[in-house]
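Accompanying notes for the structure given below.
Per chain, numbering begins at 1; letters A, B, ... match sequence-line order. No hydrogens, no waters, no symmetry mates; every other heavy atom, side chains included, goes into these values.
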Amino acid sequence: MLEIKFLRENPEVVKAGLRKRNYDENALQVVDKAIKVDADRRQSQTSLDKLLAESNQAAKKIGALYQAGDREEADKLKAIVSAAKGEIKNLEAHLDNTEKQLEDILLSIPNIPNADVPFGKGEDDNEVFQAWDKPLPELPESAVPHWDLATKYNIIDFGLGAKIAGSGFVLFRGKGAKLERALINFFLDEAEKAGYEEIIPPLLVNEASARGTGQLPDKDGQMYYAEKDDLYLIPTAEVPITNIYRDVILQEEDFPIKLTGHTPCFRREAGAHGSEVRGLNRVHQFDKVEIVRIEHPSKSYEVLAEMLDHVRGLLDKLGLPYRILRLCGGDTGFTAAITYDFEVYSAAQKRWLEVSSVSNFETYQSNRLKLRYRDSEGKRHLAHTLNGSALALARIVAAVLENNQTEDGILIPKVLVPFTGFAVIN
RNA sequence: GGAGAGUUGUCCGAGUGGCUUAAGGAGCACGCUUGGAAAGCGUGUGUACGCCAAAAGUGUACCAAGGGUUCGAAUCCCUUACUCUCCGCCA
(Lines give C-alpha, C1' and ligand atoms only; values in the text may rest on other atoms or scores of the structure.)
Protein backbone atom coordinates (compact mmCIF):
# COMPACT_ATOMS: atom_id res chain seq x y z
CA MET A 1 0.00 0.00 0.00
CA LEU A 2 1.01 3.61 -0.39
CA GLU A 3 2.62 5.35 2.52
CA ILE A 4 0.25 7.73 4.26
CA LYS A 5 3.05 10.25 4.55
CA PHE A 6 3.53 10.28 0.79
CA LEU A 7 -0.18 10.57 0.23
CA ARG A 8 -0.50 13.41 2.72
CA GLU A 9 2.35 15.35 1.11
CA ASN A 10 1.55 14.58 -2.54
CA PRO A 11 -2.21 14.22 -2.90
CA GLU A 12 -2.15 15.53 -6.48
CA VAL A 13 0.47 13.01 -7.57
CA VAL A 14 -1.64 10.22 -6.14
CA LYS A 15 -4.77 11.53 -7.84
CA ALA A 16 -2.99 11.81 -11.17
CA GLY A 17 -1.93 8.18 -10.77
CA LEU A 18 -5.45 7.09 -9.99
CA ARG A 19 -6.79 8.96 -13.04
CA LYS A 20 -4.48 6.79 -15.11
CA ARG A 21 -6.29 3.87 -13.55
CA ASN A 22 -9.53 5.44 -14.76
CA TYR A 23 -10.76 6.77 -11.43
CA ASP A 24 -13.43 9.43 -11.93
CA GLU A 25 -13.64 12.59 -9.82
CA ASN A 26 -16.04 10.91 -7.44
CA ALA A 27 -13.74 7.93 -6.85
CA LEU A 28 -10.77 10.24 -6.38
CA GLN A 29 -12.33 11.49 -3.14
CA VAL A 30 -10.80 8.46 -1.48
CA VAL A 31 -7.55 10.44 -1.35
CA ASP A 32 -9.10 13.33 0.56
CA LYS A 33 -10.88 10.86 2.79
CA ALA A 34 -7.54 9.25 3.68
CA ILE A 35 -6.00 12.60 4.51
CA LYS A 36 -8.96 13.52 6.69
CA VAL A 37 -8.91 10.25 8.60
CA ASP A 38 -5.16 10.56 9.01
CA ALA A 39 -5.53 14.02 10.55
CA ASP A 40 -8.07 12.62 12.98
CA ARG A 41 -5.76 9.74 13.79
CA ARG A 42 -2.81 11.98 14.57
CA GLN A 43 -4.88 14.30 16.69
CA SER A 44 -6.27 11.36 18.66
CA GLN A 45 -2.82 10.01 19.26
CA THR A 46 -1.54 13.33 20.52
CA SER A 47 -4.38 13.60 23.04
CA LEU A 48 -4.08 9.98 24.11
CA ASP A 49 -0.32 10.22 24.56
CA LYS A 50 -0.81 13.23 26.78
CA LEU A 51 -3.33 11.45 28.98
CA LEU A 52 -1.14 8.36 29.21
CA ALA A 53 1.85 10.47 30.19
CA GLU A 54 -0.17 12.02 33.01
CA SER A 55 -1.44 8.69 34.27
CA ASN A 56 2.05 7.19 34.14
CA GLN A 57 3.32 10.01 36.28
CA ALA A 58 0.49 9.62 38.75
CA ALA A 59 1.09 5.89 39.04
CA LYS A 60 4.69 6.55 39.87
CA LYS A 61 3.71 9.04 42.50
CA ILE A 62 1.30 6.55 44.06
CA GLY A 63 4.09 4.02 44.33
CA ALA A 64 6.31 6.56 46.04
CA LEU A 65 3.53 7.59 48.43
CA TYR A 66 2.85 3.99 49.46
CA GLN A 67 6.49 3.51 50.15
CA ALA A 68 6.57 6.68 52.20
CA GLY A 69 3.60 5.30 54.13
CA ASP A 70 1.22 8.03 53.06
CA ARG A 71 -1.75 5.81 52.26
CA GLU A 72 -4.29 8.55 52.50
CA GLU A 73 -2.69 10.75 49.88
CA ALA A 74 -2.08 7.72 47.66
CA ASP A 75 -5.72 6.66 47.80
CA LYS A 76 -6.83 10.16 46.92
CA LEU A 77 -4.60 10.17 43.86
CA LYS A 78 -5.77 6.69 42.98
CA ALA A 79 -9.34 7.87 42.83
CA ILE A 80 -8.40 10.67 40.45
CA VAL A 81 -6.50 8.37 38.12
CA SER A 82 -9.29 5.80 38.16
CA ALA A 83 -11.72 8.46 37.09
CA ALA A 84 -9.57 9.35 34.08
CA LYS A 85 -9.50 5.76 32.91
CA GLY A 86 -12.79 5.99 31.09
CA GLU A 87 -11.56 8.80 28.92
CA ILE A 88 -8.37 6.88 28.12
CA LYS A 89 -10.44 3.86 27.10
CA ASN A 90 -12.61 5.98 24.86
CA LEU A 91 -9.67 7.65 23.18
CA GLU A 92 -7.94 4.31 22.72
CA ALA A 93 -11.00 2.88 21.06
CA HIS A 94 -11.31 5.91 18.84
CA LEU A 95 -7.65 5.81 17.83
CA ASP A 96 -7.86 2.12 17.14
CA ASN A 97 -10.91 2.69 15.03
CA THR A 98 -9.30 5.51 13.04
CA GLU A 99 -6.18 3.47 12.44
CA LYS A 100 -8.22 0.58 11.09
CA GLN A 101 -10.29 2.90 8.96
CA LEU A 102 -7.14 4.48 7.53
CA GLU A 103 -5.62 1.11 6.79
CA ASP A 104 -8.77 -0.01 5.01
CA ILE A 105 -8.69 3.11 2.87
CA LEU A 106 -5.00 2.71 2.08
CA LEU A 107 -5.51 -0.94 1.19
CA SER A 108 -8.19 0.12 -1.26
CA ILE A 109 -5.86 2.50 -3.13
CA PRO A 110 -3.77 0.83 -5.85
CA ASN A 111 -0.18 1.63 -6.70
CA ILE A 112 0.60 4.78 -8.67
CA PRO A 113 1.47 3.87 -12.26
CA ASN A 114 4.90 4.82 -13.50
CA ALA A 115 5.09 7.72 -16.00
CA ASP A 116 5.74 5.23 -18.84
CA VAL A 117 2.45 3.44 -18.27
CA PRO A 118 0.04 4.37 -21.07
CA PHE A 119 -3.52 5.52 -20.45
CA GLY A 120 -6.19 2.98 -21.25
CA LYS A 121 -9.16 1.01 -20.01
CA GLY A 122 -8.38 -2.64 -20.61
CA GLU A 123 -6.27 -5.14 -22.48
CA ASP A 124 -7.08 -3.63 -25.88
CA ASP A 125 -5.27 -0.46 -24.85
CA ASN A 126 -2.01 -2.12 -23.89
CA GLU A 127 0.97 -0.81 -25.81
CA VAL A 128 3.05 -3.15 -27.94
CA PHE A 129 6.43 -2.40 -26.42
CA GLN A 130 8.33 -4.85 -28.57
CA ALA A 131 6.66 -6.42 -31.58
CA TRP A 132 7.66 -9.68 -33.23
CA ASP A 133 9.43 -8.43 -36.34
CA LYS A 134 10.03 -11.77 -38.05
CA PRO A 135 7.37 -13.77 -39.89
CA LEU A 136 5.04 -15.81 -37.73
CA PRO A 137 5.26 -19.58 -38.17
CA GLU A 138 3.05 -20.97 -40.94
CA LEU A 139 1.64 -24.38 -40.18
CA PRO A 140 0.25 -26.81 -42.75
CA GLU A 141 -3.52 -27.29 -43.10
CA SER A 142 -3.33 -30.44 -41.04
CA ALA A 143 -1.99 -28.58 -37.96
CA VAL A 144 -4.10 -28.92 -34.82
CA PRO A 145 -4.28 -27.14 -31.45
CA HIS A 146 -2.35 -28.52 -28.52
CA TRP A 147 -5.34 -30.22 -26.90
CA ASP A 148 -5.67 -32.43 -29.96
CA LEU A 149 -1.91 -33.08 -30.02
CA ALA A 150 -2.09 -33.99 -26.35
CA THR A 151 -4.62 -36.70 -27.10
CA LYS A 152 -2.93 -37.84 -30.29
CA TYR A 153 0.38 -38.54 -28.54
CA ASN A 154 -1.11 -39.39 -25.12
CA ILE A 155 1.01 -36.82 -23.28
CA ILE A 156 -1.63 -34.74 -21.50
CA ASP A 157 -4.98 -36.01 -20.27
CA PHE A 158 -7.60 -33.38 -19.57
CA GLY A 159 -10.31 -35.95 -18.90
CA LEU A 160 -8.31 -37.59 -16.15
CA GLY A 161 -7.54 -34.21 -14.59
CA ALA A 162 -11.27 -33.57 -14.47
CA LYS A 163 -11.98 -37.04 -13.09
CA ILE A 164 -9.40 -36.84 -10.34
CA ALA A 165 -9.86 -33.21 -9.33
CA GLY A 166 -12.27 -31.33 -11.54
CA SER A 167 -12.49 -29.21 -14.64
CA GLY A 168 -9.41 -27.05 -15.13
CA PHE A 169 -7.00 -29.62 -13.76
CA VAL A 170 -4.71 -31.52 -16.09
CA LEU A 171 -2.62 -34.64 -15.95
CA PHE A 172 0.68 -34.86 -17.77
CA ARG A 173 2.00 -38.31 -18.62
CA GLY A 174 4.91 -39.96 -20.34
CA LYS A 175 6.77 -37.61 -22.60
CA GLY A 176 4.37 -34.83 -21.65
CA ALA A 177 5.40 -35.08 -18.01
CA LYS A 178 9.01 -35.30 -19.04
CA LEU A 179 8.69 -32.17 -21.20
CA GLU A 180 7.16 -30.30 -18.29
CA ARG A 181 9.99 -31.35 -16.00
CA ALA A 182 12.57 -30.49 -18.66
CA LEU A 183 11.22 -26.96 -19.00
CA ILE A 184 11.26 -26.46 -15.23
CA ASN A 185 14.87 -27.59 -15.02
CA PHE A 186 15.87 -25.50 -18.03
CA PHE A 187 14.31 -22.36 -16.55
CA LEU A 188 15.82 -22.95 -13.12
CA ASP A 189 19.27 -23.58 -14.60
CA GLU A 190 19.06 -20.39 -16.65
CA ALA A 191 18.06 -18.42 -13.55
CA GLU A 192 20.92 -19.93 -11.62
CA LYS A 193 23.33 -18.93 -14.40
CA ALA A 194 21.98 -15.40 -14.11
CA GLY A 195 22.85 -15.36 -10.42
CA TYR A 196 19.54 -16.24 -8.78
CA GLU A 197 19.47 -18.39 -5.66
CA GLU A 198 16.99 -21.25 -5.88
CA ILE A 199 14.28 -21.51 -3.26
CA ILE A 200 11.76 -24.26 -2.59
CA PRO A 201 9.18 -22.51 -0.43
CA PRO A 202 6.02 -23.70 1.32
CA LEU A 203 3.10 -23.96 -1.10
CA LEU A 204 0.62 -22.87 1.53
CA VAL A 205 0.93 -19.52 3.24
CA ASN A 206 -0.67 -17.82 6.22
CA GLU A 207 -2.78 -14.71 6.10
CA ALA A 208 0.09 -12.36 6.98
CA SER A 209 2.05 -13.55 3.96
CA ALA A 210 -0.92 -13.23 1.63
CA ARG A 211 -1.42 -9.69 2.87
CA GLY A 212 2.26 -8.88 2.59
CA THR A 213 2.42 -9.27 -1.16
CA GLY A 214 -1.05 -7.87 -1.71
CA GLN A 215 -3.10 -10.96 -2.57
CA LEU A 216 -5.27 -10.05 0.40
CA PRO A 217 -7.58 -8.34 0.72
CA ASP A 218 -8.09 -7.39 -2.92
CA LYS A 219 -7.67 -10.82 -4.52
CA ASP A 220 -9.47 -12.84 -1.88
CA GLY A 221 -11.52 -15.45 -3.68
CA GLN A 222 -8.90 -16.06 -6.34
CA MET A 223 -6.88 -18.18 -3.96
CA TYR A 224 -7.76 -21.64 -2.70
CA TYR A 225 -8.24 -21.51 1.04
CA ALA A 226 -7.83 -24.32 3.56
CA GLU A 227 -10.29 -23.19 6.18
CA LYS A 228 -9.45 -25.62 8.97
CA ASP A 229 -5.87 -24.48 9.02
CA ASP A 230 -6.40 -20.90 7.88
CA LEU A 231 -3.89 -21.31 5.05
CA TYR A 232 -3.93 -20.24 1.40
CA LEU A 233 -2.58 -22.22 -1.54
CA ILE A 234 -0.12 -19.97 -3.30
CA PRO A 235 -1.22 -18.40 -6.60
CA THR A 236 2.45 -17.76 -7.43
CA ALA A 237 5.88 -18.32 -5.88
CA GLU A 238 6.10 -14.56 -5.50
CA VAL A 239 4.07 -14.84 -2.31
CA PRO A 240 6.23 -17.18 -0.21
CA ILE A 241 9.53 -15.99 -1.70
CA THR A 242 8.97 -12.26 -1.25
CA ASN A 243 7.67 -12.90 2.27
CA ILE A 244 11.10 -14.19 3.24
CA TYR A 245 11.80 -10.50 3.68
CA ARG A 246 8.68 -9.51 5.57
CA ASP A 247 9.61 -7.42 8.64
CA VAL A 248 13.25 -7.25 7.67
CA ILE A 249 15.68 -4.34 7.72
CA LEU A 250 18.47 -4.93 5.23
CA GLN A 251 21.88 -3.34 5.02
CA GLU A 252 22.69 -1.56 1.77
CA GLU A 253 25.39 -4.11 1.05
CA ASP A 254 22.79 -6.92 1.11
CA PHE A 255 21.68 -5.80 -2.37
CA PRO A 256 21.23 -7.20 -4.92
CA ILE A 257 18.87 -9.92 -3.71
CA LYS A 258 18.02 -12.34 -6.50
CA LEU A 259 15.82 -15.34 -5.81
CA THR A 260 14.14 -17.88 -8.02
CA GLY A 261 11.89 -20.83 -7.43
CA HIS A 262 9.70 -23.34 -9.15
CA THR A 263 6.30 -24.00 -7.63
CA PRO A 264 2.93 -25.14 -8.78
CA CYS A 265 0.55 -22.19 -8.80
CA PHE A 266 -3.08 -22.53 -7.78
CA ARG A 267 -5.78 -20.23 -9.12
CA ARG A 268 -9.50 -20.48 -8.72
CA GLU A 269 -10.15 -18.15 -11.71
CA ALA A 270 -13.92 -18.46 -11.44
CA GLY A 271 -16.24 -17.76 -14.30
CA ALA A 272 -14.31 -18.44 -17.50
CA HIS A 273 -15.55 -20.72 -20.28
CA GLY A 274 -15.13 -21.43 -23.96
CA SER A 275 -12.24 -21.81 -26.37
CA GLU A 276 -10.28 -19.01 -24.68
CA VAL A 277 -9.73 -21.33 -21.77
CA ARG A 278 -9.49 -24.64 -23.56
CA GLY A 279 -6.64 -27.03 -23.00
CA LEU A 280 -3.72 -25.49 -21.19
CA ASN A 281 -4.75 -21.90 -21.83
CA ARG A 282 -6.18 -21.44 -18.39
CA VAL A 283 -5.97 -24.05 -15.66
CA HIS A 284 -6.37 -24.16 -11.89
CA GLN A 285 -2.91 -25.57 -11.30
CA PHE A 286 0.18 -24.88 -13.35
CA ASP A 287 3.93 -24.91 -12.87
CA LYS A 288 5.89 -21.69 -12.95
CA VAL A 289 9.43 -20.55 -12.36
CA GLU A 290 9.47 -17.13 -10.78
CA ILE A 291 12.29 -14.63 -10.39
CA VAL A 292 12.18 -12.19 -7.48
CA ARG A 293 14.35 -9.15 -6.82
CA ILE A 294 14.67 -6.96 -3.75
CA GLU A 295 16.46 -3.78 -4.73
CA HIS A 296 17.69 -0.36 -3.80
CA PRO A 297 15.17 2.16 -5.20
CA SER A 298 17.83 3.81 -7.34
CA LYS A 299 18.48 0.49 -9.09
CA SER A 300 15.03 -0.96 -9.57
CA TYR A 301 14.35 0.22 -13.11
CA GLU A 302 17.75 -0.92 -14.29
CA VAL A 303 16.93 -4.27 -12.72
CA LEU A 304 13.53 -4.35 -14.40
CA ALA A 305 15.25 -4.00 -17.79
CA GLU A 306 17.62 -6.79 -16.81
CA MET A 307 14.69 -9.04 -15.96
CA LEU A 308 13.08 -8.34 -19.33
CA ASP A 309 16.34 -9.37 -20.97
CA HIS A 310 16.38 -12.58 -19.00
CA VAL A 311 12.90 -13.53 -20.16
CA ARG A 312 13.71 -12.55 -23.76
CA GLY A 313 16.70 -14.87 -23.58
CA LEU A 314 14.57 -17.80 -22.48
CA LEU A 315 12.10 -17.36 -25.31
CA ASP A 316 14.87 -16.85 -27.88
CA LYS A 317 16.51 -20.08 -26.78
CA LEU A 318 13.22 -21.94 -27.05
CA GLY A 319 12.71 -20.44 -30.50
CA LEU A 320 9.21 -19.19 -29.74
CA PRO A 321 7.84 -16.06 -31.40
CA TYR A 322 6.90 -13.49 -28.77
CA ARG A 323 5.99 -9.89 -28.22
CA ILE A 324 6.17 -7.66 -25.18
CA LEU A 325 3.28 -5.51 -24.05
CA ARG A 326 3.44 -2.57 -21.73
CA LEU A 327 0.21 -2.73 -19.80
CA CYS A 328 -2.00 0.33 -19.73
CA GLY A 329 -3.26 1.91 -16.52
CA GLY A 330 -6.52 0.02 -16.62
CA ASP A 331 -4.87 -3.37 -17.03
CA THR A 332 -1.91 -2.96 -14.68
CA GLY A 333 -2.27 -5.03 -11.55
CA PHE A 334 -3.36 -3.37 -8.32
CA THR A 335 0.04 -3.53 -6.65
CA ALA A 336 2.31 -2.86 -9.65
CA ALA A 337 3.79 0.46 -10.73
CA ILE A 338 4.50 -0.93 -14.17
CA THR A 339 4.04 -4.32 -15.80
CA TYR A 340 5.38 -5.84 -18.98
CA ASP A 341 3.61 -8.94 -20.31
CA PHE A 342 5.32 -11.42 -22.58
CA GLU A 343 3.05 -13.17 -25.04
CA VAL A 344 4.00 -16.20 -27.07
CA TYR A 345 2.43 -16.98 -30.41
CA SER A 346 0.66 -20.30 -30.37
CA ALA A 347 0.52 -21.05 -34.06
CA ALA A 348 -2.31 -23.57 -34.30
CA GLN A 349 -4.66 -21.52 -32.17
CA LYS A 350 -3.36 -18.43 -33.98
CA ARG A 351 -3.37 -16.68 -30.62
CA TRP A 352 -0.93 -14.77 -28.41
CA LEU A 353 -0.72 -16.40 -24.97
CA GLU A 354 0.54 -14.58 -21.90
CA VAL A 355 3.49 -16.50 -20.49
CA SER A 356 5.20 -13.94 -18.31
CA SER A 357 4.41 -10.82 -16.39
CA VAL A 358 7.32 -8.75 -15.14
CA SER A 359 6.58 -5.95 -12.69
CA ASN A 360 8.18 -3.33 -10.53
CA PHE A 361 6.17 -2.77 -7.37
CA GLU A 362 8.46 0.00 -6.15
CA THR A 363 7.60 0.44 -2.46
CA TYR A 364 3.99 -0.69 -2.65
CA GLN A 365 4.66 -4.25 -1.49
CA SER A 366 7.56 -3.36 0.77
CA ASN A 367 5.37 -0.97 2.72
CA ARG A 368 2.95 -3.80 3.46
CA LEU A 369 5.82 -6.17 4.10
CA LYS A 370 7.75 -3.66 6.23
CA LEU A 371 10.77 -4.47 4.11
CA ARG A 372 13.36 -1.75 4.62
CA TYR A 373 17.04 -1.09 4.26
CA ARG A 374 19.38 1.13 6.20
CA ASP A 375 21.35 3.70 4.22
CA SER A 376 24.92 4.77 4.95
CA GLU A 377 23.64 7.34 7.46
CA GLY A 378 21.61 4.70 9.26
CA LYS A 379 18.27 6.01 8.03
CA ARG A 380 15.62 3.52 7.05
CA HIS A 381 13.87 3.47 3.70
CA LEU A 382 11.50 1.08 1.98
CA ALA A 383 13.17 -1.21 -0.55
CA HIS A 384 11.80 -1.89 -4.02
CA THR A 385 10.43 -5.31 -4.94
CA LEU A 386 10.17 -6.75 -8.43
CA ASN A 387 9.20 -10.08 -9.83
CA GLY A 388 8.49 -11.86 -13.04
CA SER A 389 7.58 -15.23 -14.45
CA ALA A 390 10.50 -16.95 -16.08
CA LEU A 391 8.36 -18.63 -17.20
CA ALA A 392 4.80 -19.92 -16.78
CA LEU A 393 4.86 -23.51 -17.92
CA ALA A 394 1.47 -24.63 -19.12
CA ARG A 395 1.14 -22.09 -21.91
CA ILE A 396 4.75 -22.53 -22.96
CA VAL A 397 4.01 -26.23 -23.36
CA ALA A 398 0.99 -25.35 -25.49
CA ALA A 399 3.08 -23.15 -27.77
CA VAL A 400 5.95 -25.64 -28.01
CA LEU A 401 3.57 -28.43 -28.97
CA GLU A 402 1.67 -26.42 -31.55
CA ASN A 403 4.54 -24.55 -33.18
CA ASN A 404 6.81 -27.56 -33.52
CA GLN A 405 4.33 -30.10 -34.82
CA THR A 406 5.26 -31.96 -38.01
CA GLU A 407 3.97 -34.95 -39.93
CA ASP A 408 6.43 -37.10 -38.03
CA GLY A 409 5.80 -35.80 -34.56
CA ILE A 410 6.58 -32.85 -32.33
CA LEU A 411 10.16 -31.63 -32.43
CA ILE A 412 11.65 -30.70 -29.06
CA PRO A 413 13.60 -27.41 -29.07
CA LYS A 414 17.34 -28.13 -29.12
CA VAL A 415 18.06 -26.52 -25.76
CA LEU A 416 15.59 -28.85 -24.09
CA VAL A 417 16.86 -32.12 -25.52
CA PRO A 418 19.56 -32.54 -22.84
CA PHE A 419 16.76 -32.21 -20.28
CA THR A 420 14.15 -34.41 -21.96
CA GLY A 421 16.46 -37.08 -23.29
CA PHE A 422 14.42 -37.29 -26.48
CA ALA A 423 14.22 -35.03 -29.54
CA VAL A 424 10.75 -35.83 -30.80
CA ILE A 425 7.36 -36.80 -29.46
CA ASN A 426 5.70 -39.28 -31.78
C1' G B 1 -3.29 -36.18 18.51
C1' G B 2 -1.64 -36.49 24.22
C1' A B 3 1.67 -34.71 28.40
C1' G B 4 5.28 -31.28 30.02
C1' A B 5 8.89 -27.09 29.56
C1' G B 6 9.94 -22.66 27.15
C1' U B 7 9.76 -17.65 24.00
C1' U B 8 13.20 -11.06 27.32
C1' G B 9 17.25 -6.07 23.12
C1' U B 10 22.01 -7.79 17.58
C1' C B 11 23.37 -12.30 20.66
C1' C B 12 23.82 -14.72 25.61
C1' G B 13 21.30 -13.93 29.97
C1' A B 14 19.04 -11.84 34.97
C1' G B 15 14.43 -10.39 36.32
C1' U B 16 7.48 -13.54 40.94
C1' G B 17 3.48 -6.24 41.03
C1' G B 18 6.37 0.10 42.20
C1' C B 19 14.43 1.64 43.85
C1' U B 20 13.72 -1.63 36.07
C1' U B 21 14.82 4.46 33.20
C1' A B 22 15.01 -4.01 31.34
C1' A B 23 20.71 -5.84 35.67
C1' G B 24 25.15 -8.19 33.88
C1' G B 25 28.05 -9.99 29.82
C1' A B 26 29.27 -10.40 24.58
C1' G B 27 29.10 -7.99 19.91
C1' C B 28 29.15 -3.48 17.11
C1' A B 29 30.40 2.01 16.49
C1' C B 30 33.19 6.15 18.10
C1' G B 31 36.92 8.16 21.35
C1' C B 32 41.19 7.75 24.83
C1' U B 33 45.60 4.84 25.27
C1' U B 34 49.66 2.60 21.58
C1' G B 35 55.16 2.89 16.98
C1' G B 36 50.98 -0.43 15.35
C1' A B 37 47.66 -3.95 17.31
C1' A B 38 45.59 -6.58 21.46
C1' A B 39 44.20 -5.69 26.31
C1' G B 40 42.32 -1.74 29.25
C1' C B 41 39.25 2.65 29.96
C1' G B 42 35.15 5.95 28.46
C1' U B 43 30.78 7.01 25.53
C1' G B 44 27.01 5.32 22.51
C1' U B 45 24.04 1.30 20.52
C1' G B 46 16.42 -1.06 18.67
C1' U B 47 11.42 -0.42 16.18
C1' A B 48 6.86 2.21 15.25
C1' C B 49 3.70 6.34 15.71
C1' G B 50 3.01 11.45 17.56
C1' C B 51 4.54 16.70 18.98
C1' C B 52 8.08 20.54 16.84
C1' A B 53 8.97 24.65 10.40
C1' A B 54 13.26 21.50 10.92
C1' A B 55 17.38 19.76 13.72
C1' A B 56 18.05 19.23 18.73
C1' G B 57 14.68 17.57 21.84
C1' U B 58 10.45 15.29 23.67
C1' G B 59 5.76 12.01 24.43
C1' U B 60 3.53 7.21 23.77
C1' A B 61 3.68 2.07 22.62
C1' C B 62 6.59 -2.38 22.11
C1' C B 63 9.89 -8.21 26.91
C1' A B 64 6.33 -14.09 20.97
C1' A B 65 1.00 -12.12 19.38
C1' G B 66 -3.83 -10.57 21.14
C1' G B 67 -7.09 -9.68 25.25
C1' G B 68 -7.85 -9.04 30.74
C1' U B 69 -6.86 -7.72 36.25
C1' U B 70 -4.47 -3.22 38.71
C1' C B 71 -3.41 3.55 40.40
C1' G B 72 0.85 0.69 38.36
C1' A B 73 2.41 -5.62 34.59
C1' A B 74 8.38 -8.45 31.42
C1' U B 75 6.28 -10.21 36.24
C1' C B 76 -0.65 -12.22 37.73
C1' C B 77 -5.01 -14.38 34.55
C1' C B 78 -7.15 -15.98 29.58
C1' U B 79 -6.59 -17.12 24.23
C1' U B 80 -3.41 -18.04 20.10
C1' A B 81 1.25 -18.94 17.52
C1' C B 82 6.00 -20.90 17.57
C1' U B 83 10.28 -23.79 19.78
C1' C B 84 12.09 -27.93 22.68
C1' U B 85 11.45 -32.93 25.35
C1' C B 86 8.64 -37.45 25.84
C1' C B 87 4.50 -40.58 23.96
C1' G B 88 1.25 -41.84 19.76
C1' C B 89 0.75 -41.75 14.39
C1' C B 90 3.35 -41.38 9.80
C1' A B 91 6.37 -40.73 4.08
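No hydrogens or angles considered: nothing links the side chains of T335(A) and N111(A) as a donor-acceptor pair under 3.5 Å. Side-chain contact check for N243(A) and R246(A): at least one donor-acceptor pair (N or O, by modelled atom type) lies under 3.5 Å. Donor-acceptor pairing under 3.5 Å is lacking for the side chains of Q101(A) and D40(A). Between the side chains of Y196(A) and R293(A), at least one donor-acceptor pair of N or O atoms lies under 3.5 Å. Under the 3.5 Å distance criterion, with hydrogens and angles disregarded, a donor-acceptor pair is assigned to the side chains of T385(A) and Q365(A). The closest side-chain donor-acceptor pair between Y66(A) and K78(A) falls under 3.5 angstrom. A donor atom on one side chain and an acceptor atom on the other are not found under 3.5 Å apart for E295(A) and Y301(A).
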Listing time: all N or O pairs from protein to nucleotides 44-51 of chain B that are below 3.5 Å?
| from | atom 1 | to | atom 2 | distance (Å) |
| --- | --- | --- | --- | --- |
| rU47(B) | OP1 | R374(A) | NH1 | 2.8 |
| rU47(B) | OP1 | R380(A) | NH1 | 2.8 |
| rU47(B) | O3' | R372(A) | NH1 | 3.1 |
| rA48(B) | OP1 | R372(A) | NH1 | 3.0 |
| rA48(B) | OP1 | R380(A) | NE | 3.2 |
| rA48(B) | OP2 | R380(A) | NE | 2.9 |
| rA48(B) | OP2 | R380(A) | NH2 | 3.1 |
| rC49(B) | O3' | R41(A) | NH2 | 2.2 |
| rC49(B) | O2' | R41(A) | NH2 | 3.4 |
| rC49(B) | O2' | Q45(A) | OE1 | 2.2 |
| rC49(B) | O2' | Q45(A) | NE2 | 3.3 |
| rC49(B) | O2 | Q45(A) | NE2 | 2.7 |
| rG50(B) | OP1 | R8(A) | NH2 | 3.4 |
| rG50(B) | OP1 | R41(A) | NH1 | 3.1 |
| rG50(B) | OP1 | R41(A) | NH2 | 2.4 |
| rG50(B) | O5' | R41(A) | NH2 | 3.2 |
| rG50(B) | O2' | T46(A) | OG1 | 2.7 |

Pull out every protein N or O sitting under 3.5 Å from an N or O of nucleotides 64-71 of chain B, one pair per line with the distance.
none

Contact string for nucleotides 75-82 of chain B, one letter per nucleotide 5' to 3', B = base within protein heavy-atom range under 4.0 Å, S = sugar-phosphate only, - = neither, reads --------
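In this model, the phosphate group of rG72(B) is not approached by any side-chain N or O of N56(A) to a distance below 4.0 Å at OP1 or OP2.
Of the P atoms belonging to rG15(B) and rG24(B), the separation is 15 Å, rounded to the nearest Å. Nucleotides rC78(B) and rC87(B) are separated by 28 Å at their C1' atoms, to the nearest Å. Here the separation of rA56(B) from rG68(B), taken at their C1' atoms, is 40 Å to the nearest Å. A distance of about 28 Å separates the C1' atoms of rG9(B) and rU69(B), rounded to the whole Å. Nucleotides rG59(B) and rU45(B), compared at atom P, are 15 Å apart to the nearest Å. Taking atom C1' on both rG31(B) and rA53(B), the two are 34 Å apart, rounded to the nearest angstrom. Comparing the P positions of rU8(B) and rU83(B) gives a spacing of 14 Å, expressed to the nearest Å. The gap from the P atom of rA61(B) to that of rA73(B) amounts to 9 Å, rounded to the nearest Å.
Atom CD in Q57(A) sits about 13 Å away from atom P in rU21(B), given to the nearest Å. Spacing between atom CG of L52(A) and atom P of rG59(B) amounts to 13 Å, rounded to whole angstrom units. When rounded to the nearest whole Å, the span between CD of E92(A) and C1' of rC62(B) equals 14 Å. Taking atom CG on L65(A) and atom P on rC19(B), their separation rounds to 14 Å, with Å as the unit. The separation between K50(A) atom NZ and rC52(B) atom C1' is 16 Å, rounded to whole Å.
For K175(A), there are no side chain to side chain donor-acceptor pair (under 3.5 Å) partners, not counting sequence neighbours.
Shown here is Q57(A), whose CD atom has no more than 12 heavy atoms of other residues, nucleotides or ligands within 6.0 Å. The number of heavy atoms from other shown groups lying within 6.0 Å of CD (E92(A)) is above 12.
Sequence neighbours left out, the pairs with a member in residues 221-258 of chain A that pass ring pair (Phe, Tyr, Trp, His ring centres under 6.0 Å) are Y225(A)-Y232(A), F255(A)-Y373(A).
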I would like to know whether E180(A) and D287(A) meet side-chain contact (heavy atoms from CB on, under 4.5 Å); could you show each step before the answer? CA-CA 8 Å; E180(A) 181 86 358; D287(A) 289 295; 2.7 Å; yes
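Helical stems involving RNA chain B, defined as 3 or more consecutive Watson-Crick or G-U pairs under 3.5 Å, span B:1-7 with B:81-87, B:10-12 with B:24-26, B:27-32 with B:40-45, B:46-51 with B:57-62, B:64-68 with B:76-80.
Classification of K15(A) and D32(A) as a salt-bridged pair holds, one side-chain N sitting under 4.0 Å from a carboxylate O. Under the 4.0 Å criterion applied to side-chain N and carboxylate O atoms, K100(A) and E103(A) are not assigned as salt-bridge partners.
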